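Notes follow once the structure below has been shown.
Computation of the quantities below employed the complete heavy-atom set of this structure, encompassing side-chain atoms and omitting hydrogens, waters and symmetry-equivalent molecules. Remember, predicted model here, so these are calculated numbers, not experimental data. Whatever order the structure lists ligands and atoms in, that order sets their numbers, starting from 1. Numbers here are sequence positions counted from 1.
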Amino acid sequence: MSDGIGIANLPNQRHKIVAKRGAHFTIMVVGESGLGKTTLVNTLFSTELSPAKNYNRRHHKQLDKLTEVEIIKAELEEKQFKTKLTVIDTPGFGDYVNNRDSWAPIVDFIDDQHEAYMRQEQQPQRQDKIDLRVHACLYFIRPTGHTLKPLDIEIMKRLGTRVNLIPVIAKADTLTQNDLALFKQRIREVIKAQGIMIYQPLVEADDDQAAAEHARVLQEAMPFSIIGSTEDVTTADGRTIKGREYLWGIAEVENENHCDFRKLRSLLIRTHMLDLISTTEELHYENYRQGQMEVRKPGEQKPRKFENPKFKEEEEALRKRFTEQVKAEEARFRQWEQHLIQERDRLNKDLELAHSAIKALEAELDNLQAGYGRGTGRR
Ligand SMILES: Nc1nc2c(ncn2[C@@H]2O[C@H](COP(=O)(O)OP(=O)(O)OP(=O)(O)O)[C@@H](O)[C@H]2O)c(=O)[nH]1
């Protein structure tokens, strides 16, 4: 019996290549301001990747109505395995009274990364490409206990077709276990009914039983409930853990009964990082590339759309003001025209009166002249 040609060893080879080169992994966090995005990133990687925000400045963001995208880069190494990590933070999302187009900069950012990568691939020199394609997008849901908001649905729909979308329920410690379970169920139903595409940890036929079971558990736990904290607290039984301390007790980040933080970390870092990278390459990037190829000639620039929501709003306001001004001027003009017509009629009437007065005077004069002639003839 031959040993075969060694193809069976390929998965190990791939693992070795990745281990040698290190993985390049990009995560994006999206969600309303103050939902704990920065805290979760720091909790996930057990380090202060992203500096805590200055909350006194929060109201300043209201003034410039743009969602800014912040890029944090870090190189993590564990047991000689290097990961180049990029975190794309989108602070301030959904802060404004009018959130209609607040998703646009986020969606544009994702598309722009696919575009930049595609253009680099078309160059003769293709090594050392700069690659900021997003491999996993964590969408933070406010723990209202009700259901998804229309804005959540709109954004998640757009994200789901572009990236591996992973919905998470923020600040799970603010809901009771029952409310949390109900909330999760409602969110799952909305996701299904609205046809929102979310990342599904793949259960492969040839996975060993434990891996298949793990993937199934992850699938069933979505959307992951999470608690973020970088603070060490001591439990009643003397353990020092990451958690949030309350009068009623401690909400533990890594306790499976309190939240799904461990499941999320496992999916992102331990078990599905390579799957997230390859689905981005094979599904999302490929979809983008094909879509663009259908509408553009090779090498043609992407038409730049000036769809900055801020400019769009300003343009609309200007257009409205212009139309209102034109309308007001038209009304003023019509009033003036009416006034002129009335004045003309009045003058015409005066003229007619004057005419008839002249005619009457002429007739009177004729009569007088005739009477005078007859009088002189008799004498
Ligand atoms: N109860 C609770 N509070 C949290 C949790 N995670 C973060 N916080 C708190 O929420 C506040 C906001 O946290 P951030 O991590 O700065 O929120 P963010 O989403 O990054 O905010 P922006 O950058 O403004 O968009 C801080 O006071 C955190 O301590 C959590 O899981 N539960």
State the atoms of ligand 1, each with its element, that fall below the 4.0 Å cut-off from a heavy-atom position in Tyr246.
1 (N)
Check Asp173 against ligand 1 and report side chain, backbone, both or neither, counting heavy atoms closer than 4.0 Å.
side chain
According to salt bridge (Lys or Arg N to Asp or Glu O under 4.0 Å), does anything in residues 325-343 pair up with another residue at least two apart or in another chain? List the pairs.
Glu329-Arg332, Glu330-Arg334, Glu343-Arg346
With the side chain counted from C-beta on, respond yes when Met118 and Tyr285 share a heavy-atom pair under 4.5 Å apart, and no when they do not.
yes
Report yes if the side chains of Met28 and Ile106 come closer than 4.5 Å at any heavy-atom pair, otherwise no.
yes
At the 4.0 Å heavy-atom cut-off, does Phe261 count as touching ligand 1?
no
Of Arg162, His114, Arg133, which is the lone residue that meets side chain to side chain contact (heavy atoms under 4.5 Å, CB included) with His284?
His114
I want to confirm something. Looking only at heavy atoms, which of Lys171, Glu231, Arg244 is nearest to atom 29 (O) of ligand 1?
Arg244
State whether the shortest distance between N or O atoms of Gly34 and N or O atoms of ligand 1 falls below 3.5 angstrom.
yes
I'd like to check which ligand 1 atoms, numbered from 1 as shown, lie under 4.0 Å from a non-hydrogen atom of Gly228.
5 (C), 6 (N), 30 (C), 31 (O)
Taking transitive links into account, so neighbours of neighbours count too, which hydrophobic residues share a cluster with Ile241 at under 4.5 Å side-chain distance?
Val233, Ile250
Nitrogen or oxygen of Ser33 less than 3.5 angstrom from that of ligand 1:
yes
Electrostatic pair Glu154:Arg158 at N-O distance under 4.0 angstrom
yes
Given Ile169, Thr39, Ile226, Ile227, which has its nearest heavy atom closest to atom 7 (C) of ligand 1?
Thr39
Quick check: Gly36 and ligand 1, any N/O pair under 3.5 Å apart?
yes
